[in-house]
Protein chains: 2
Amino acid sequence: MAARRPQPAASSEAARPVSMADLARELGVSMTTISRALSDHHSIGPATKQAVLKLAKKLNYQPNHLAAALRKGRSQLLGVMVPYIEGRFFASVVHGIETAASRAGYSVIICQSNEDVAQERRNIETLLRAQVAGILVSVSRTTTDFQHFDKVRKHKVPLVFFDRVPAGDGVNAVLLDDRAGAYQATCHLLAQGCRRVAHLGGPLHLNIYKNRRQGYLDALQEYGLELEENLILHSSLTVDSGRESMAQLLALPTPPDAVFSAGDSAALGALQVLKSQGVRVPEDVALAGFSNEALTSVAEPNITSVDQRCEEMGQAAFRLFTELVEADGGALTPRQVVLQPQLFVRASSLHSGVEELHNAQPLA
Amino acid sequence: MAARRPQPAASSEAARPVSMADLARELGVSMTTISRALSDHHSIGPATKQAVLKLAKKLNYQPNHLAAALRKGRSQLLGVMVPYIEGRFFASVVHGIETAASRAGYSVIICQSNEDVAQERRNIETLLRAQVAGILVSVSRTTTDFQHFDKVRKHKVPLVFFDRVPAGDGVNAVLLDDRAGAYQATCHLLAQGCRRVAHLGGPLHLNIYKNRRQGYLDALQEYGLELEENLILHSSLTVDSGRESMAQLLALPTPPDAVFSAGDSAALGALQVLKSQGVRVPEDVALAGFSNEALTSVAEPNITSVDQRCEEMGQAAFRLFTELVEADGGALTPRQVVLQPQLFVRASSLHSGVEELHNAQPLA
DNA sequence: TTGTAAGCGTTATCAC
DNA sequence: GTGATAACGCTTACAA
């Protein structure tokens, strides 16, 4: 005799999970019959099918997905990689993905790159070894070289990027129209009568911040306003950098009458400084942020912000994945899905005399 | 000929992933040798080993975890189920688990029960079918019957509960000492000189809220104070219910001089009502919450709160799992790990004349 | 409608 | 130190 069970189970209890072979033996039929009965195949007698199902339930049979996946050459596992899972944005996107995936019979393997390319590379390897049916990824901040993703394509594993995507249009991706969101927010501030709108921007090597800045610029142009360089300040967009930037803006000979921040935390910092200096919000300075974080509804006044449609992004990413699966061999040209953000207008930007809005108004 | 490749690949490109057999054929050695070389087995010549490794790299060989798992009878997949992944608490716990797991070579499959027992049952089935090496779970709010978990034990799959655990001590679990956290927070309020401390509690059928209430009661007793029933209000602990409860408390003949809320959202609601009625916080009413959510540092004044050690909980849960794996057949008696919460004192509860604290003080 | 048997890619046992 | 080969549990082409 050659190979034996991995765990010979020195103890008395064998406790081996029941397999199709067990069911077949018990019922005196072939494994084929069992397989067909369980997978609802058409050529199977209703009587036999019932018998199999009944026995399966009785013996508490659990199909082994690993074995099926090995045989079929594809698993029901979906790899999802995000920079980190904490924080509203990625958690919500993952929620969206998981919900859609589980409905479609997929299980989600979650990985974090921790904003580290090396970790990102390792995760890709791990996912490929796990034989995932597809990979959905939002790239790390430190990723500039995308070779490790070529490997995914080489293995013919469907690959979808979301939110943070490599430059170029040779990839399948779901992203937010950051430019449009920023444009909407800035236009809203201008529509309130503000004419000196400042901008707190993020690092320009990231697409999202470049686009948000562009949306801001486009809005100014739409209103025929001159661009004032010293009203634009770039930073890491933390609460603290928002404070610093705001202090700087207030020190200008002619301070702004509105601020559009490319992030909510910086908007919060700005708000704190404004209040501490006795500047009224929104009367003296109107304020809008980006991301629609929970804090926007906690700060006083509530902060107007651009919602990123996190959950829809997750759903869209999964849908794109399923399309790739269905297209399979058919060389599908890479597709980019662009989601439209939604402006939530709150008290921090309303000049209309309304003191506070508890329920924010989404603006089409 | 019988069975053939699942995807005969009508197109010209076969693109089959390279297997051990391919390496063996190429090098003219047996598969055994390949396997040994790759898994760093002791009986293998250094020369052959190098040759194998080199060829593997050259042909871009990727081990198939599915096949290995099937053969070995155990995978490197870890099932994690939470009620939902959004929100600071569970996201952080999952972060902790994933970080520890990936370091140890495990991949994490994430599931959400959406607070629904039926979904929870389905998820358990899915995880078992995926042949996970273990399951880490925080049970849904609607779970009262725990039979589906018996199935996990029957399959000899290590099972660890965290935070929300079934009653009884027959399970492996990691939990927070909610009583101690509540006790600390209440004692802190009492130490500030407050003598009429109210309590906003959650649904008592949940252990965590029962324990937080108990901690509150213990603190009162410690200070020799009488329990006043009408200072205790139970609700769902949302922002709105916090508002309602606070309004009710302020309407009392003798309103409280402090409030300990079993949740941060309700504490925020209470704060809003206090401020709108011109009651000074903390001078007239001191305030403390539970969970140390991000909002506690956004609200003005910042809200004192009990931190739940989310990440440590994730790490502890994974560590408990590994212990179970190592103990294996050795019938290990179920173990409960209890984590100590940490009080973050902020401006909402400080009578010492300090107006605001930007950096919260953790209290041992 | 049912059965036979090959094969997915790996690991482990035995023999050399 | 190396090789031959069975086995893990499942799906499926083909035969009956």
Side-chain angles (χ1 to χ4, degrees), chain A residues 1-9 14 16-25 27-52 56 59 61-76 128-131 133 155, chain B residues 1-9 14 16-52 56 59 61-76 128-131 155:
Chain A
M1 182 196 283
R4 214 175 288 152
R5 306 219 71 256
Q7 281 111 347
R16 184 172 56 82
V18 349
S19 72
M20 285 189 162
D22 298 323
L23 299 184
R25 200 177 316 113
L27 271 185
V29 298
S30 79
M31 276 180 59
T32 316
T33 305
I34 304 292
S35 176
R36 282 180 178 142
L38 292 174
S39 55
D40 221 20
H41 194 273
H42 60 275
S43 65
I44 182 83
T48 19
K49 184 168 148 188
Q50 283 313 312
V52 172
L59 297 189
Y61 165 77
Q62 292 290 347
N64 184 331
H65 275 184
L66 255 46
L70 177 60
R71 172 62 234 248
K72 292 205 280 201
R74 68 198 146 79
S75 75
Q76 290 288 94
L128 288 178
R129 295 202 228 285
Q131 309 295 123
H155 282 252
Chain B
M1 184 195 282
R4 214 174 288 153
R5 306 218 71 256
Q7 280 111 349
R16 184 171 57 80
V18 350
S19 73
M20 285 190 162
D22 298 323
L23 299 184
R25 201 178 315 113
E26 190 81 10
L27 271 186
V29 298
S30 78
M31 277 178 57
T32 315
T33 305
I34 304 292
S35 176
R36 280 177 179 146
L38 292 172
S39 53
D40 221 21
H41 194 272
H42 60 276
S43 65
I44 181 83
T48 19
K49 184 169 150 188
Q50 282 314 311
V52 172
L59 297 188
Y61 164 76
Q62 292 289 348
N64 184 329
H65 276 183
L66 255 47
L70 177 59
R71 175 62 237 243
K72 292 205 281 201
R74 69 198 144 79
S75 75
Q76 289 290 95
L128 288 178
R129 295 202 228 285
Q131 310 294 125
H155 282 252

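To find a chain, count down the sequence lines: A is the first, B the second, and so on, and within it residues start at 1. For the numbers below, each heavy atom of this structure counts, side chains included, while hydrogens, waters and symmetry mates do not. Keep in mind that what you see is a predicted model, and the values were worked out from it rather than measured.
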Task: Protein-nucleotide distance (A:Met31, atom CE; D:dC14, atom P), rounded to Å - done: 19 Å
Open item on the list: Which residues pass the side chain to side chain contact (heavy atoms under 4.5 Å, CB included) test with A:Ala68, not counting sequence neighbours?
Closed with: none
TODO: Specify the separation, in whole Å, of atom CD of A:Gln76 and atom P of D:dT11.
DONE: 11 Å
Task: Partners meeting side chain to side chain contact (heavy atoms under 4.5 Å, CB included) with A:Gln62 (sequence neighbours left out) - done: A:Asn60, B:Glu125, B:Arg129, B:Lys151, B:His155
Task: Bending between helix ends of the helix from C:dT1-D:dA16 to C:dC16-D:dG1 [5 pairs per end, 10° resolution] - done: 40°
TODO: Round to the nearest Å and state the distance from A:Leu23 atom CG to C:dG3 atom P.
DONE: 14 Å
Task: Interatomic distance where CG belongs to A:Leu70 and C1' belongs to C:dT11 [whole Å] - done: 13 Å
- [ ] Write down the distance between NZ (B:Lys72) and C1' (D:dG9), rounded to a whole number of angstrom.
- [x] 17 Å
- [ ] Any salt bridge (charged side-chain N to carboxylate O under 4.0 Å, His left out) involving residues 40-51 of chain B? Give me the pairs, sequence neighbours left out, ordered by first then second residue.
- [x] B:Asp40-B:Lys49
Task: Side chain of A:Ser35 (C-beta onward), nearest among D:dT12, C:dT10, D:dG3 - done: D:dT12
Open item on the list: Using the side chain to side chain donor-acceptor pair (under 3.5 Å) criterion, which residues pair with B:Ser39? Sequence neighbours excluded.
Closed with: none
Open item on the list: Tell me every residue that passes side chain to side chain contact (heavy atoms under 4.5 Å, CB included) with A:Ser75, counting only those two or more places apart in sequence or in another chain.
Closed with: A:Ala69, A:Leu77, B:Leu66
Task: Nearest-nucleotide pick for A:Ala67, side chain only, options being D:dG9, C:dT2, C:dT11 - done: D:dG9
Open item on the list: Any N or O donor-acceptor pair under 3.5 Å from the base of C:dG3 to the side chain of A:Arg36?
Closed with: yes
Task: Heavy-atom closest pair, residues B:Leu38 and B:Tyr61 - done: CD1-CE2, 3.5 Å
- [ ] Any chance you could measure A:His65, atom NE2, to A:Lys72, atom NZ, to the nearest 0.5 Å?
- [x] 8.0 Å
- [ ] Test for a donor-acceptor pair under 3.5 Å between the base of C:dT10 and the side chain of B:Arg71, counting only N and O atoms.
- [x] no
Task: B:Ser19: side chain to side chain donor-acceptor pair (under 3.5 Å) partners, not counting sequence neighbours - done: B:Asp22
Open item on the list: My understanding is that only residues two or more places apart in sequence, or in another chain, count here; which of them pass side chain to side chain donor-acceptor pair (under 3.5 Å) with A:Ser35?
Closed with: none
Task: No-H, no-angle donor-acceptor pair, B:Thr32 side chain to D:dA4 base, under 3.5 Å - done: yes
TODO: Measure the shortest side-chain to side-chain distance between A:Leu27 and A:Leu23 over non-hydrogen atoms and say whether it is less than 4.5 angstrom.
DONE: no
Task: Distance below 4.0 Å between B:Thr33 side-chain N/O and D:dG3 OP1 or OP2 - done: yes
- [ ] Report the distance from atom CD1 of B:Ile34 to atom P of D:dG3, rounded to the nearest whole Å.
- [x] 9 Å
TODO: Check the distance between D:dC8's C1' and B:Leu66's CG and give it to me in whole angstrom.
DONE: 12 Å
Open item on the list: If the cut-off is 4.0 Å, is B:Ser30 near the phosphate of D:dG3, judged by side-chain N/O to OP1 or OP2?
Closed with: yes
- [ ] Give the rounded distance in Å between these two atoms: CZ of B:Arg16 and P of C:dT10.
- [x] 10 Å
- [ ] Check DNA chain C against residues 38-52 of chain B and give the residues with a non-hydrogen atom under 4.0 Å, in numerical order.
- [x] none
